[in-house]
**Student:** 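Quick one: the structure is below, and I'll ask about it shortly.
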Amino acid sequence: MKVEAKILLGLGVFFGVMCAVYWNWSLENAGGVMMFAGMLLGFLPGGYYYWWSRRMAPRAEDDPNATQAQGAGVVGAFPGTSIWPFTLGMGSFFTVLALVFGIWLLVPGLALIVWALFGGVAESRRGGKV
Amino acid sequence: MVDVLEHPAAYDLPEHGHEEHHGPTGILKWLTTTDHKVIGLSYTVTAVVMLVIGGAFAEIIRAQLASPNGTLVSLAQYNELFTMHGSVMIYLFAGPFAFGALANIMVPIQIGAPDMAYPRLNALSYWLYLMGSITMLSGFFTAGGAANFGWVAYAPLSNSLNTPGAGADLWIGGLLLTGFSAIFTGVNLVATIFYLRAPGMTMFRMPIFTWNMLVTAILILLAFPVLTAGLIMLYADRHFGTHIFSVAGGGVPVLWQHIFWFWGHPEVYILALPFFGMVTEILAVFSRKPVFGYKGMVFATLSIAALSLGVWAHHMFTTGVVLLPFFSIMSLLIAVPTGIKIFNWIGTMWRGEIWFSTAMLMAIGFVVTFLIGGLTGIYLASPPLDFFTHDTYFVVAHFHSVVMALVLAGMAGLYYWGPKFTGYLLDERIGKIQFWFLFIGTQVFTLPLYLVGLRGMPRRMAIYPHDPQWQFLNDLSTAGAVLIGVSTILFVVNVVVSWKKHPAGDNPWDGQTLEWFTTSPPPHHNFYRLPIIRSERPTWDYNHPEHRSIAHAPAHPSTEDAR
Ligand code: HEM
Ligand SMILES: [Cu+2]
């Protein structure tokens with residue numbers, strides 16, 4: 001986990017320096033703000049990973065001499081098939097069309113989105129198809 | 001069904017009999033799948049369709065420009081065509097092809113993972129991409145036609161007075177959808193690469209392609225939200241009466257350019273880094289050598305990505321309100337890590353046992369073409385030269401050398417990895433003919449445009465004065481575009497002709513990375529077994545124990561089946 005953390009922290013440092021140089025030199029705010037936000041995107045997750053990397057036991061994927069057996073245990077839960085991503089996608093589609101063709105399209109759009117959110121969450125809870 | 005998967009990495013033991021994977025078939029399978037390989041294949045097909053659509057627009061553009069007062073399309077239609085050509089190519093082909101198609105299929109397999117970290121989010125990405133593409137293209141079917149303000153939608157051209165109409169709003173809406181799709185893919189890739197690697201697959205053993213995808217994903221997370229925010233502001237200006245980008249209401253038009261290019265320049269590398277990664281692997285495999293300077297390659301990728309976030313205003317030199325020295329220096333600096341990459345690519349091939357397969361030819365074609373595009377970019381990074389060439393065909397030529405190089409690399413990727421995820425090889429003879437059409441066509445298309453640009457021809461014009469200095473070069477460029485068109489047709493022909501004809505076997509190219517360890521196509525959760533991982537070339541180590549020292553692996557047994 002250390003390398004992962006360092007990449008993000010490095011990004012934060014880079015943006016911090018660039019932001020300071022650029023903002024003071026150019027006095028242009030848009031770029032300054034965007035670089036500042038970029039710095040945060042490096043430091044926030046990077047700091048979190050770093051904090052964790054010092055607390056957790058080393059993982060098999062970080063051990064250069066790991067055997068496959070070392071990774072024994074649960075890898076994760078992977079859904080088989082699910083209709084909810086498609087439902088959510090169609091809901092987003094109608095919602096975006098509402099920007100162009102009129103507010104009424106929000107009705108099917110938001111309905112599909114809400115339906116998909118409930119359906120997807122229920123699916124995860126029950127650990128299978130809903 | 002949810003599969004709870006356990007290591008050892010025998011994710012898909014055949015004896016467990018996974019009936020549930022024989023679930024829905026046909027269209028229902030396509031609608032409900034969360035398998036990264038199926039989603040990646042959908043991405044691949046959709047993106048290639050977009051390449052063909054964007055290419056068709058390009059052919060019409062070049063046909064119009066073959067003579068000074070072309071009458072093939074009207075002036076208004078021409079504006080729609082170049083806008084939608086650029087938009088389809090960048091937003092709907094190159095981006096999704098780079099991070100949604102081959103990466104989606106290959107990254108989990110390359111690190112020994114059973115799937116992406118968030119399979120349902122992955123499926124959502126695809127649906128947002130597909131519906132976003134349909135949204136953007138449907139502009140052509142509205143009364144006012146498609147968007148026509150160029151793919152960059154500069155203010156004030158993109159406000160509701162200058163470009164009213166549904167086409168422009170559909171363009172914004174389509175981009176919102178594909179933008180979210182990209183962000184979700186970025187999240188997914190980072191989580192997959194950080195959390196789902198197989199035991200022994202340390203960060204510095206990941207294939208260069210996976211490394212590049214990690215960096216690309218981080219770039220996506222930095223850049224795309226900015227674009228999305230900008231689009232929402234643009235929409236608000238158009239419809240809610242805000243004046244963020246209009247001088248009249250106290251806004252700042254150049255702010256749009258800052259926002260757009262803060263996304264737009266990193267986007268160039270979001271498009272390019274995945275292809276760099278592909279080419280790196282292909283050059284190594286077909287030279288039968290490890291990647292030359294692996295760590296140098298990784299650090300070059302990281303520094304290219306970092307620098308790319310600080311150069312956006314080199315697209316805005318002529319606005320007169322940007323800090324020229326800062327952006328010029330930063331842009332020139334990118335040449336250093338990029339040069340390292342070119343050097344390492346040559347180093348990888350150096351004294352290799354080179355196998356000139358189609359994939360290898362395409363990859364070499366990429367290096368040459370990208371070098372031309374990269375070198376001319378160095379000129380543009382210098383403000384005095386940019387003042388002279390800005391908005392001329394020199395710029396069009398520069399970025400087409402780059403993007404056509406990416407097309408070559410994408411083709412290399414399809415010839416190289418296609419057999420892995422379809423299980424069948426593409427025909428090598430047609431492939432090589434396709435390569436020559438594509439490679440020569442690219443040069444014949446772009447090189448004259450550099451000259452015609454230096455001779456002052458502006459971009460984005462449907463008709464131009466008759467001038468012998470421009471005429472021949474334009475004809476040549478159109479001829480090149482025709483050759484490129486033929487190459488695309490040849491690719492489609494090849495797919496049809498070789499359909500399920502030449503079974504690939506697990507490892508047709510004597511590959512080095514994990515994807516060549518599993519079957520072609522891989523099983524539902526990718527691996528029946530995994531080799532022990534001691535270097536960045538686990539499959540090669542397994543197949544060539546005699547070369548272990550080259551792959552700098554320790555001397556103890558390099559293989560151990562997971563079962
Ligand atoms: C068949 C190959 C291609 C041909 C013949 C072609 C041709 C052209 C031409 C002639 C223009 C300039 C139009 C004008 O300024 O009036 C143009 C613009 C552009 N092309 Fe291409 N192109 C090809 C492939 C690509 C690819 C693969 C990409 C990106 C991945 C791409 C991205 C763009 C962009 C972004 C613009 C700028 C559009 C604008 O000015 O708003 N092109 N193309
Ligand atoms: Cu740029």
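Below, chains carry the letters A, B, ... as their sequence lines are ordered, and counting in each starts from 1.
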**Student:** Checking Y235(B) against chain A: side chain, backbone, both or neither under 4.5 Å from a heavy atom?
**Tutor:** side chain

**Student:** Identify the two heavy atoms, one from P325(B) and one from W25(A), that lie closest to each other, and give their separation to 0.1 Å.
**Tutor:** CG-CZ2, 3.8 Å

**Student:** When heavy-atom pairs shorter than 4.5 Å are enumerated against chain A, which of I111(B), V190(B), T202(B), T135(B) gives the highest number?
**Tutor:** T202(B)

**Student:** For the pair R205(B) (side chain) and P64(A) (backbone), establish whether a donor and an acceptor sit closer than 3.5 Å, ignoring hydrogens and angles.
**Tutor:** yes

**Student:** Heavy atoms only, distances under 4.5 angstrom: which of L99(A), T87(A), D62(A) has the most pairs with chain B? Name it, please.
**Tutor:** L99(A)

**Student:** For L222(B) and G38(A), which heavy atoms make the closest approach, and how far apart are they?
**Tutor:** CD2-CA, 3.7 Å

**Student:** Select, from V3(A), L97(A), L27(A), the one with the greatest count of heavy-atom pairs under 4.5 Å involving chain B.
**Tutor:** V3(A)

**Student:** Nearest heavy-atom pair of A306(B) and F14(A): which atoms, and what distance?
**Tutor:** O-CE2, 3.1 Å

**Student:** Please report the closest heavy-atom contact between A30(A) and H258(B), naming both atoms and the distance.
**Tutor:** CB-CB, 4.1 Å

**Student:** Hey, does the side chain of T34(B) reach the backbone of P79(A) with a donor-acceptor pair shorter than 3.5 angstrom?
**Tutor:** yes

**Student:** For the interface with chain A, which of L31(B), V321(B), D169(B), I172(B) has the highest count of heavy-atom pairs at distances below 4.5 Å?
**Tutor:** L31(B)

**Student:** Minimum heavy-atom separation for S82(A) to R120(B), with atom names?
**Tutor:** OG-CD, 3.7 Å

**Student:** Pick from E28(A), M90(A), M18(A): which one has the most heavy-atom pairs with chain B under 4.5 Å?
**Tutor:** E28(A)

**Student:** Mark yes when over 12 heavy atoms from residues, nucleotides or ligands other than Y195(B) sit less than 6.0 Å from its OH; otherwise mark no.
**Tutor:** yes

**Student:** What part of M330(B) gets closer than 4.5 Å to chain A, counting heavy atoms only: side chain, backbone, both or neither?
**Tutor:** side chain

**Student:** Indicate yes or no: at least one non-hydrogen side-chain atom of D35(B) is less than 4.5 angstrom from one of T81(A).
**Tutor:** no

**Student:** For F327(B), is it the side chain, the backbone, both, or neither that has a heavy atom closer than 4.5 Å to a heavy atom of chain A?
**Tutor:** side chain

**Student:** Checking side-chain contact (heavy atoms from CB on, under 4.5 Å) for the pair V100(A)/W171(B): CA distance, chi angles, key distance, verdict?
**Tutor:** CA-CA 10 Å; V100(A) 187; W171(B) 184 90; over 6 Å; no

**Student:** Heavy-atom distances under 4.5 Å only: say whether L124(B) touches chain A with side chain, backbone, both or neither.
**Tutor:** both

**Student:** Considering residues, nucleotides and ligands other than F43(A), do more than 12 of their heavy atoms fall under 6.0 Å from its CZ?
**Tutor:** yes

**Student:** With a 4.5 angstrom heavy-atom cut-off, is it the side chain or the backbone of E4(A) that approaches chain B, or both, or neither?
**Tutor:** both

**Student:** Could you tell me which non-hydrogen atom of G89(A) sits nearest to which non-hydrogen atom of L128(B), and how far apart they are?
**Tutor:** CA-CD2, 4.2 Å

**Student:** Counting only heavy atoms closer than 4.5 Å, note whether L302(B) contacts chain A via side chain, backbone, both or neither.
**Tutor:** side chain

**Student:** Look at the aromatic rings of F86(A) and W127(B) and report parallel, tilted or perpendicular, splitting at 30° and 60°.
**Tutor:** perpendicular

**Student:** Within a 6.0 Å radius of atom CZ on F204(B), are there more than 12 heavy atoms belonging to other residues, nucleotides or ligands?
**Tutor:** yes

**Student:** Could you check if a side-chain atom of V226(B) sits within less than 4.5 angstrom of a side-chain atom of M34(A), using non-hydrogen atoms only?
**Tutor:** yes

**Student:** Name the option with the most non-hydrogen atom pairs under 4.5 Å to chain B; the candidates are C19(A), G42(A), S26(A).
**Tutor:** S26(A)

**Student:** Any non-hydrogen side-chain atom of I7(A) less than 4.5 Å from a side-chain atom of M203(B)?
**Tutor:** yes

**Student:** Could you go through the side-chain contact (heavy atoms from CB on, under 4.5 Å) check for F194(B) and L8(A) one step at a time?
**Tutor:** CA-CA 12 Å; F194(B) 279 5; L8(A) 291 167; 4.0 Å; yes

**Student:** Do the rings of Y22(A) and F326(B) sit parallel, tilted or perpendicular, given the 30° and 60° boundaries?
**Tutor:** tilted

**Student:** Against chain B, label L41(A) side chain, backbone, both or neither, depending on which of its atoms sit under 4.5 Å from a heavy atom there.
**Tutor:** side chain

**Student:** I'd like to know if the side chain of T32(B) and the backbone of I83(A) have a donor-acceptor N/O pair within less than 3.5 Å.
**Tutor:** no

**Student:** Give the member of P119(B), A117(B), S125(B) that has the highest number of heavy-atom pairs under 4.5 Å with chain A.
**Tutor:** P119(B)

**Student:** So with a 6.0 Å cut-off around CZ of R54(A), is the heavy-atom count from everything else above 12?
**Tutor:** no

